[in-house]
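What you see is a predicted model; the values in this text were computed from it and never measured.
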Amino acid sequence: MPINYYIFLSVALFCIGVAGVLTRRNAIIIFMCVELMLNAVNLLLVAFSKMHYHAMSAAMPSAGIDAQLFVFFIMVVAAAEVSVGLAIIVMMYRNTHSIDVNFLNRLKH
Amino acid sequence: MIPVLLIVIPLVSGLLGFFLRSEKTARGWALLSSLVTLAVTLWGVGVDKTSPLLQANVEWLPDLGSRFAVGLDGLSLILSLLTAVSFPLIFIATWRDQYKRAWNFYALMLLSQAGLLGVFVATDALLFYFFWELALIPVYFLCSQWGGERRIAATFKFFVYTFVGSLLMLVGIIWLYFHTPDHSFSMESFYKLRSTISNSDQTWVFWLLFVAFAIKMPIWPLHTWQPDTYEQSPTATTMVLSAIMVKMGVFGVIRWLAPVLPIGTWAWGDTVSVACIIGMVYASLIAMKQDDLKRLVAYSSIAHVGLMALAIFATDQSGMQGVMIQMFNHGINILGMWIVVDLIERQFGTRKISQLGGLATKAPGLAILLVIVALANVALPLTNAFVGEFLLFSGVFTSTATQYNVVFTAVAMLSVILSAVYTLKMIQGVFYGKTNALTEKAVDIRLNEKVALGVIVVMIVFIGVYPKPVLELTKDAADFILTKMNYK
Amino acid sequence: MTQLVWLVPALPLAGFLINGLFRNQLSKSLTGIIGSGTVLGAFVVSLLIFGEVRQEGFQPVVVTLFDFISVGKLSIPFAFQVDSLSALFLLIITGVGFLIHLYSTAYMHEENAPQFARYFSYLNLFVFSMLLLVLGANFIILFIGWEGVGLCSYLLIGYWFQNTDYDDAARKAFIMNRIGDVAFLIAIFYMVNKFGSVSFDEVFGKASTLSTGAATVITLLLFVGATGKSAQIPLYTWLPDAMAGPTPVSALIHAATMVTAGIYMIARSHVLYDLAPVTQTVVAVIGLATALLAATIALKQNDIKKVLAYSTVSQLGYMFLGLGVGAYTGAVFHVMTHAFFKALLFLGAGSVIHAMGGEQDIRKMGGLRKALPQTTGTFFIGCIAIAGIPPFAGFFSKDEILTAAYAKNPVYYAVGVFTALLTAFYMFRLFAMTFGGKFRGTHEQEHHLHESPAAMTIPLWVLAILSVVGGFVGIPAVIAPNAHWLAKFLGPVVGEGTGAELASGTEWGLIATSVVLALIGSIGAWARFSKKPELGEPTGFGKVLANKWYVDEFYNAMIVRPLDLLAQFLVFFDKNIVDGIVNGVGRLVQYGSRQLRLLQSGQVGGYVLLMVLGILILFLVELFSGGSGTVTKAVVGH
């Protein structure tokens with residue numbers, strides 16, 4: 001399958017994620033959109049990894065492996081982020097009885 | 001050895017001063033420390049000029065090419081002497097001033113002395129910059145903690161104003177540093193730059209450094225921080241600011257600008273001279289209209305310092321010698337003026353000339369001492385300032401660096417007339433006439449002030465009659481700088 | 001003896017220091033003894049020096065005390081010059097000075113001890129400065145004395161400092177002198193520049209190398225200095241106001257010595273003036289104009305001291321006329337005789353004021369000849385002397401100047417002799433209104449009238465005698481050949497052969513004219529005012545004269561007011577424009593920050609949007625920057 005398809009898909013996913021973060025005010029949905037963007041990147045990384053492997057495996061058996069490593073890193077970071085982020089959201093709900101992010105502009109004052 | 005001591009003594013005693021918890025002890029400690037510094041300075045004046053005692057040079061920031069290099073030549077000796085003489089006099093004269101948390105006050109004063117002495121003895125550009133800022137910080141706290149009503153605004157303005165200048169200077173110093181062949185901040189390397197930097201570069205780098213010095217002096221139109229700051233600072237700090245700190249600007253031009261960038265200095269000579277002359281006449285005229293004694297002295301100081309700057313750019317032997325002796329004289333004289341102002345303010349709670357009058361009847365001792373100091377301020381012969389102003393004006397007149405020398409002298413001399421106008425007006429307003437309800441209860445000058453003013457008057461007359469020792473002290477330094485300034 | 005010349009100024013200096021420092025401890029009599037004694041000592045030393053100088057074959061001596069200022073090639077020693085000119089001035093200053101000190105001990109008797117000591121210390125300081133002025137061997141030492149006497153004049157005019165008007169007068173004197181001093185200083189700088197030296201020897205020795213233009217500039221500047229110190233147009237208005245000081249001060253400083261400093265200076269530097277004919281004309285014309293102007297004003301003044309003050313200005317004008325026409329000896333001669341008779345007149349006026357209990361208005365005097373016989377007699381001698389009636393001192397010196405003026409330009413002579421007529425007229429008007437007629441003061445004053453004590457009358461008589469015989473040192477050649485001792489004495493210093501040769505008939509004619517006019521003026525004034533004194537307010541032209549031609553008002557409107565307005569404007573300018581710009585920069589930064597702060601809304605969405613927009617912009621920049629960026633370069637493989 002041509003690499004272009006993967007690229008288009010991940011760009012589309014990424015844009016959906018960006019649009020979600022920009023337009024939604026619900027913290028959980030924003031959070032999910034962030035995940036979407038991360039996964040769009042993951043997808044792209046894996047696709048490029050595969051592509052490099054096909055092209056270079058004869059000369060270098062480990063070609064493209066580092067991209068897959070990065071994917072794991074991103075997944076780990078995403079998991080950590082979820083735990084911290086959800087905790088923040090829970091705290092926020094406790095304090096404000098809302099998970100609307102625009103409520104959190106208090107730093108301004 | 002000696003220059004290191006000059007920095008270390010006030011620095012250490014200043015830091016220790018923070019831990020003293022009694023006003024009396026702190027005051028005594030400060031006086032003691034300043035007297036020791038004075039003794040060391042006199043030792044420095046006494047030893048042979050070529051003595052290794054006057055130099056020190058150790059590793060400081062080797063990666064940057066900066067060394068802890070300090071030294072005393074005629075120029076730094078005269079200014080160190082001024083600093084060292086001023087501080088004990090300030091402490092004695094303001095002995096009766098009360099401060100909250102006095103130990104902090106005196107400690108900060110000593111720290112500023114360390115910074116000032118550092119500026120004068122540094123022979124490494126980065127070290128010079130370091131001390132330049134170090135001197136500023138204690139003064140900032142002194143003004144903002146112990147100043148008058150509008151102290152916060154005035155201090156903020158002062159700090160930001162001078163700091164902008166300092167940053168420009170830092171940029172300039174770094175630029176010069178990158179152009180030294182051996183990547184060094186040392187004065188020798190900087191003095192060699194004149195042959196490697198192109199003329200066009202010299203003309204713009206000049207301003208980076210000059211603005212910093214011009215703000216400090218201050219030169220018109222960069223002077224407006226000064227009257228406000230002088231007015232709002234505690235008098236002891238005003239004394240430091242006006243007697244010594246403005247000399248940092250003059251000193252900076254003589255040591256770090258004119259010899260380093262002679263072409264730039266020469267190219268902008270006329271421009272700067274015009275600003276100086278405008279400033280002299282302008283400040284004198286404004287001084288005529290001031291009712292507040294502190295502001296009057298502040299504007300008079302702007303006029304006097306303008307003359308010194310003018311003479312530097314004249315690039316003439318007698319002018320340069322005049323600048324050096326006049327820096328000392330002006331410091332001493334203005335110190336005397338401030339002592340009188342402080343005394344009046346403490347006694348009557350006002351500095352307004354219009355509210356005073358008739359003091360000569362009640363306080364003849366004070367009147368006599370003030371009149372002598374004031375006469376030095378108008379540069380009457382046989383006072384120290386006459387020697388200085390004569391050399392300065394004659395330097396400007398004989399200058400070959402400008403073709404407008406005659407015009408410059410003639411216009412600048414208007415300030416000589418105007419200085420008589422405002423100084424005599426002040427004497428008359430404060431001391432002559434009849435006493436009023438406020439001045440009726442005046443008491444005459446007390447011992448500590450008498451001592452301080454007495455010392456000042458003796459110096460005024462001595463240098464006025466026999467200036468030779470001072471002139472000889474600075475002779476070599478003046479000649480050396482003039483050879484470096486030679487733009488041809 | 002000449003090596004000990006430093007003693008002459010050192011003695012009054014010591015007097016100044018002792019009286020000044022111990023003013024609270026010394027008794028009044030001790031103060032008076034110290035004050036007068038030191039000046040007397042200086043007089044004795046001056047006499048000894050004079051004796052040495054007048055011997056045949058005396059060469060001028062320069063006594064160097066120490067190095068004053070020496071920078072590079074310029075070396076200014078603290079040095080004194082002893083020659084006939086300075087020796088003569090030494091005698092005048094210390095001699096007249098001593099008499100006035102003596103007079104002051106009685107005149108100032110009502111002051112308390114510290115004030116009395118302050119007065120004497122100022123007076124001694126003045127004598128010291130004046131001696132420096134005439135002894136200096138270079139222009140700087142001369143200038144030190146020059147400003148020093150200005151300072152003492154300031155201090156003494158404002159001696160009664162509780163009175164604000166007096167302080168104003170003192171300030172005016174100092175500042176007007178300062179204006180002249182600045183010109184003087186510029187002249188000194190000019191000399192430093194041209195000759196590399198300011199010592200008389202070198203400057204005059206090299207003077208011939210000067211171009212006429214340079215000589216004119218230097219001499220004009222020096223002359224501006226002289227107009228300040230010696231009260232000539234345009235800087236003369238301070239001198240009448242200076243009468244605020246105690247009367248002995250007016251006699252010493254504002255008549256006999258200080259105001260003649262300008263004449264001394266020009267006579268001293270006559271070598272330069274001889275090179276600048278333009279300046280000489282200026283000096284002569286200004287001198288003549290001042291003489292005439294001041295004489296007209298004196299006609300209508302009613303304050304006894306003001307009349308004498310304007311008369312001093314007028315006589316100084318004569319001296320400048322003499323200098324301008326090259327009669328240097330004549331000018332110095334007139335300085336000397338003027339010192340005698342004007343000091344006499346002032347001290348006489350002081351005696352009158354003393355007797356009248358402080359009253360100075362001659363309209364309230366009259367008939368004083370009965371109560372004050374000695375004062376009247378000596379004052380009369382002074383009046384004759386100043387009027388120029390032979391054989392009194394003023395006749396000879398004035399005649400010498402007028403003759404020289406005639407030789408130069410008869411118009412000078414005509415104006416000069418007319419001024420002489422006015423002089424005689426106003427002096428005898430003064431004499432008639434003061435001593436003639438009946439007493440017009442209050443009953444109390446009349447009761448109080450008394451002749452002054454001996455300490456005051458002795459100086460009067462000494463000066464009166466000098467006013468009578470002082471002229472005999474300069475008898476013109478047409479009367480007795482070779483009798484002009486002063487010309488021979490001063491010749492080596494100020495140049496010989498002053499004035500051109502006139503036919504003896506012409507000269508006799510000139511003498512006769514001036515004597516006749518002086519007599520007409522004197523007798524006319526006496527006849528007119530001794531019986532019917534002028535008491536009303538002047539009208540018409542007389543009012544213009546009484547108001548001094550409104551010169552003060554003119555200066556006020558033309559210089560003082562505009563300068564004041566300019567200063568006021570600058571205060572505004574400094575506060576609002578210069579400082580406004582500085583504060584404006586600060587405000588601009590603050591305003592900008594406030595605007596930028598709005599971006600930090602706290603809305604997370606807003607931040608993200610900005611971030612995305614930023615990224616997009618970066619992409620777009622990359623895309624359109626011609627393919628040099630990394631994104632478009634990446635090659636996507638299969």
So CD1 of I175(C) and CD1 of I417(B): to nearest 0.5 Å the spacing works out to 9.5 Å
Tell me, do F386(B) and F143(C) make a side-chain contact under 4.5 Å, heavy atoms counted? yes
Measure the OH-OG1 distance between Y190(C) and T398(B) for me, rounded to the nearest 0.5 Å. 12.5 Å
Gap separating the CD atom of Q568(C) from the CG atom of L285(B), nearest 0.5 angstrom: 11.5 Å
Rounded to the nearest 0.5 Å, the CZ atom of F161(C) sits from the OG1 atom of T361(B) at a distance of 4.0 Å
Less than 6.0 angstrom separating the ring centers of Y466(B) and F78(C), yes or no? no
Could you tell me whether the side chain of R178(C) and the main chain of V416(B) form a donor-acceptor pair under 3.5 Å? yes
Closest-packed option against chain C by number of heavy-atom pairs under 4.5 Å, given V371(B), T409(B), V160(B), L391(B): L391(B)
Is L74(C) in contact with chain B via its backbone, its side chain, both, or neither, using a 4.5 Å heavy-atom distance? side chain
Please determine whether side chain to side chain contact (heavy atoms under 4.5 Å, CB included) holds for the pair K157(B) and D579(C), giving the CA-CA distance in whole Å, both sets of side-chain angles, and the decisive distance to 0.1 Å. CA-CA 11 Å; K157(B) 185 168 168 184; D579(C) 203 24; 2.6 Å; yes
Sort by residue number and list every residue of residues 115-129 of chain C having at least one heavy atom under 4.5 Å from chain B. F128(C)
Around atom NZ of K194(C), are there more than 12 heavy atoms of other residues, nucleotides or ligands at under 6.0 Å? no
Would you mind checking which part of K575(C) comes under 4.5 Å of any heavy atom in chain B, side chain (CB onward), backbone (N, CA, C, O), both or neither? neither
side-chain hydrogen bond (donor to acceptor under 3.5 Å, both in side chains) assessment of Y299(B) paired with D574(C): CA-CA 11 Å; Y299(B) 278 106; D574(C) 196 50; 2.4 Å; yes
Between F390(B) and F68(C), is the gap from one ring center to the other below 6.0 Å? no
How about Y154(C) and L424(B): do any of their side-chain heavy atoms sit closer than 4.5 Å? yes
Please identify, among V396(B), V378(B), I427(B), the residue contributing the most non-hydrogen atom pairs under 4.5 Å to chain C. V378(B)
Report the distance from atom OG of S394(B) to atom CE of M191(C), rounding to the nearest 0.5 Å. 12.5 Å
Minimum side-chain heavy-atom gap L185(C)-F393(B) below 4.5 Å: no
Which bit of V582(C) is near chain B, if near means a heavy-atom gap under 4.5 Å: side chain, backbone, both or neither? side chain
Nearest-0.5 Å distance that lies between atom CD in Q428(B) and atom CZ in R171(C): 4.5 Å
